[in-house]
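In what follows, chains are A, B, ... by sequence order, proteins preceding strands, each numbered from 1.
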Number of protein chains: 2
Amino acid sequence: MHHQIIQGDALAVLSTIPAGTAGLVIADPPYCSGGRTPTERRTQSARCKYVSGDARHKLADFPGDTRDQRSYTLWITMILLECLRASHDGASCLVFTDWRQLPATSDALQAAGWTWRGIIPWRKPINRPTRDGFRRECEYVLWGSHGQPHRHAQPIYLPGVVEGSQPRGHQRQHITQKPVDVLRQLIQICPEGGTVLDPFAGSGSAGVAARLEARGYIGIELTEHYADVARQRLTEAGT
Amino acid sequence: MHHQIIQGDALAVLSTIPAGTAGLVIADPPYCSGGRTPTERRTQSARCKYVSGDARHKLADFPGDTRDQRSYTLWITMILLECLRASHDGASCLVFTDWRQLPATSDALQAAGWTWRGIIPWRKPINRPTRDGFRRECEYVLWGSHGQPHRHAQPIYLPGVVEGSQPRGHQRQHITQKPVDVLRQLIQICPEGGTVLDPFAGSGSAGVAARLEARGYIGIELTEHYADVARQRLTEAGT
DNA sequence: AAGAATAGTGAATCTACAC
DNA sequence: CGTGTAGATTCACTATTCT
């Protein structure tokens, strides 16, 4: 079982992955949805948009969160198109998104040639209250398949909603880090012994989850800092 | 506090409602998403698509579930446009949708001039497992506001996810009936003493919920059969 | 048990610019 | 030169969960 992190731009690296490699694509792109004015979106760093308090100073920033909705749609379509090529027939694709970008992301998923299969809400127990309104309590995972979904030898039945808190304290390495428990549940959809392809590896949580679930893993990460963090965590998970 | 059911086509009746009447629009349109082919959508009745087993024979059918996605978007936009006119500044709009129509419905909500505020997943505890995939466990409620949302004198904090099973057995009057408990939670967003406008009343569950939450109610229902059922339930809820 | 954090938001204040 | 508007900046704020 092979596990690796490749440092580089997602589109550029994806084009070097041989066709039919992946059994599951799991993508957690920058949502590009924070900020209330176009200027705020363009100029504010991801740190300022999403984090308040101490974490703003302790965690490294990440780039690529400044696209407007049209170019976000185009860009994520190109990414998902390359991912389709890199995945085999029957593979699944899981894309994280927030409520604002959900429609654009579902368009991109289908434009890239994936068959849209459903939405899996990710429920986060820690979240801000909204005065005189409904809490923004969930992010969403869009599920697509490359043709007919893979039929598992041993049938599996997966949840319709996943729940889990973001890591906190010293376990938190990335501003938008996803909990490993949540990723372990999602990764079940990958055929046994298959390979998980992760074009936005970040701190590598999906790699840790893939290793724990006995799947191969290819992660792509743009920033050198996070590529290092991810390699470190991947190694630790193997021991 | 006034409660009434008007029998007629939603668009036609909405145009007779005075501007600024409603404090909350709660719309549960036919989803028009069942069936995998255009032919299946056109020819199957709602009963066949959504119900299996006994209920198929016992519950009355409902029309209007045969639009394709483009005309669905256009039609629901026109409905929501009339609803915006019929609602006052600060009013909210809650639209039920399933995962397939969520992007089209969010387009329509915004095209009609509502400000999109979020997604509230409705989690149904009773649902079918999916072999080799994720459960289809949720429907979704899109939340929009007419301008800035109403500021309640007594601040309210509403949940980010609502839960409740569809009524079963003799309590079930309509194929796509929503639980009164879920609607009671949602109706909190309506200003106190305000009026709930429901362009697709069906068996009138939203009216029952509005009455229990001390809000006024105007329901519109196309079929004579369900308009009668709704009036009956509304009367019973008042006693 | 106390403290800190939350893929934020709305209102108020301030600045720049056109008329 | 005063006025009005649009855009940018700042600040206050909320309740549950987790350390």
Side-chain angles (χ1 to χ4, degrees), chain A residues 26-69 72 76 94-102 104-105 120-142 162-183 200-203 205-206 223 226, chain B residues 89-90 92 115-120 143-161 188-189:
Chain A
I26 193 155
D28 183 17
Y31 296 171
C32 303
S33 58
R36 284 159 297 181
T37 62
T39 319
E40 237 175 41
R41 262 195 302 278
R42 274 195 310 275
T43 56
Q44 280 197 328
S45 72
R47 263 198 305 213
C48 296
K49 282 193 282 191
Y50 302 130
V51 181
S52 55
D54 278 356
R56 189 176 301 171
H57 309 291
K58 286 187 295 215
L59 298 171
D61 209 349
F62 66 88
D65 199 48
T66 53
R67 294 174 177 85
D68 71 12
Q69 197 167 52
Y72 171 79
I76 199 73
L94 297 170
V95 190
F96 280 86
T97 181
D98 75 348
W99 64 273
R100 273 174 290 203
Q101 297 289 43
L102 196 159
T105 310
I120 306 133
W122 165 35
R123 195 170 179 179
K124 299 177 289 184
I126 308 177
N127 54 73
R128 264 174 249 229
T130 310
R131 193 191 154 155
D132 298 329
F134 299 92
R135 265 168 195 269
R136 251 71 66 150
E137 187 170 327
C138 294
E139 289 176 38
Y140 299 90
V141 184
L142 299 188
V162 292
E163 312 205 11
S165 291
Q166 294 110 315
R168 304 180 75 180
H170 66 281
Q171 292 184 12
R172 189 172 185 213
Q173 313 263 0
H174 193 282
I175 309 181
T176 68
Q177 191 169 333
K178 304 291 175 282
V180 171
D181 279 353
V182 165
L183 293 162
F200 307 98
S203 54
S205 303
T223 71
Y226 284 120
Chain B
D89 200 67
S92 279
T115 305
W116 190 19
R117 296 269 159 200
I119 302 174
I120 306 134
W143 174 34
S145 70
H146 185 153
Q148 283 300 317
H150 173 77
R151 197 177 168 85
H152 292 242
Q154 194 68 22
I156 53 166
Y157 294 91
L158 299 172
V161 175
Q188 306 291 327
I189 194 77

Next item on the list: Report which part of the nucleic acid Asp132(A) touches: base, sugar-phosphate, or nothing (heavy-atom distance under 4.0 Å, all strands).
Entry: nothing
Next item on the list: Taking the side chain as every heavy atom from C-beta outward, state whether Arg135(A) and Pro129(A) have any atom pair closer than 4.5 Å.
Entry: yes
Note to self: Just the rounded figure in Å: distance from C1' of dA12(C) to CD of Gln148(B).
What the structure shows: 13 Å
Next item on the list: Measure from NZ on Lys178(A) to P on dT6(C) and round the result to the nearest Å.
Entry: 13 Å
Notebook entry, point to check: How many Å lie between NZ on Lys124(A) and C1' on dA15(D), as a whole number?
Noted result: 16 Å
Next item on the list: Apply side-chain contact (heavy atoms from CB on, under 4.5 Å) to Val161(B) and Cys138(A), showing your working.
Entry: CA-CA 8 Å; Val161(B) 175; Cys138(A) 294; 3.6 Å; yes
Next item on the list: Report the distance from atom CZ of Arg151(B) to atom C1' of dA11(C), rounded to the nearest whole Å.
Entry: 9 Å
Margin query: Classify the ring geometry of Phe134(A) against Trp143(B): parallel below 30°, tilted from 30° to 60°, perpendicular beyond 60°.
Written below: perpendicular
Notebook entry, point to check: Which nucleotide, in any strand shown, forms a Watson-Crick or G-U wobble pair with dT14(D), with both distances under 3.5 Å?
Noted result: none
Next item on the list: Just call it for Pro29(A): base, sugar-phosphate, or nothing, with non-hydrogen atoms closer than 4.0 Å on any strand.
Entry: base
Margin query: Heavy atoms only, 4.0 Å cut-off, all strands: where does Ser165(A) land among base, sugar-phosphate and nothing?
Written below: sugar-phosphate
Note to self: Looking only at the side chain of Arg135(A) (C-beta and beyond, no hydrogens), which of the listed nucleotides dA5(C), dT9(C), dT16(D) gets closest?
What the structure shows: dT16(D)
Next item on the list: Using a 4.0 Å heavy-atom cut-off across all strands, classify Pro155(B) as base, sugar-phosphate, or nothing.
Entry: nothing
Notebook entry, point to check: Using a cut-off of 4.0 Å on non-hydrogen atoms, how would the nucleic acid contact of Arg131(A) be classed: base, sugar-phosphate, or nothing?
Noted result: nothing
Notebook entry, point to check: Taking atom P of dG8(C) as reference, at what distance in whole Å does atom CD of Glu139(A) sit?
Noted result: 7 Å
Notebook entry, point to check: So do the side chains of Pro149(B) and Asp132(A) get within less than 4.5 Å of each other, counting heavy atoms only?
Noted result: no
Item checked: Option from Asp65(A), Asp98(A), Thr97(A) for which side-chain contact (heavy atoms from CB on, under 4.5 Å) with Ser33(A) holds -> Asp98(A)
Check: Across the strands shown, which category fits Arg117(B) at heavy-atom distances under 4.0 angstrom: base, sugar-phosphate, nothing?
Finding: sugar-phosphate
Checklist line | Rounded distance in Å - CG (Asn127(A)) to C1' (dA15(D)) | finding: 9 Å
Notebook entry, point to check: Between His152(B) (NE2) and dG10(C) (C1'), how many Å, whole number?
Noted result: 15 Å
Check: Want to settle it: does Pro129(A) or Gly169(A) sit nearer the 5' end of DNA chain D, counting the closest nucleotide to each?
Finding: Pro129(A)
Next item on the list: Give Tyr157(B) one of three labels, base, sugar-phosphate or nothing, depending on what nucleic acid heavy atoms sit under 4.0 Å from its own.
Entry: sugar-phosphate
Check: Which nucleotide in the set dT9(C), dT6(C), dA4(C) lies at the smallest distance from any side-chain heavy atom of Arg100(A)?
Finding: dT9(C)
Item checked: Length of the CZ-C1' vector between Arg172(A) and dT17(D), whole Å -> 14 Å
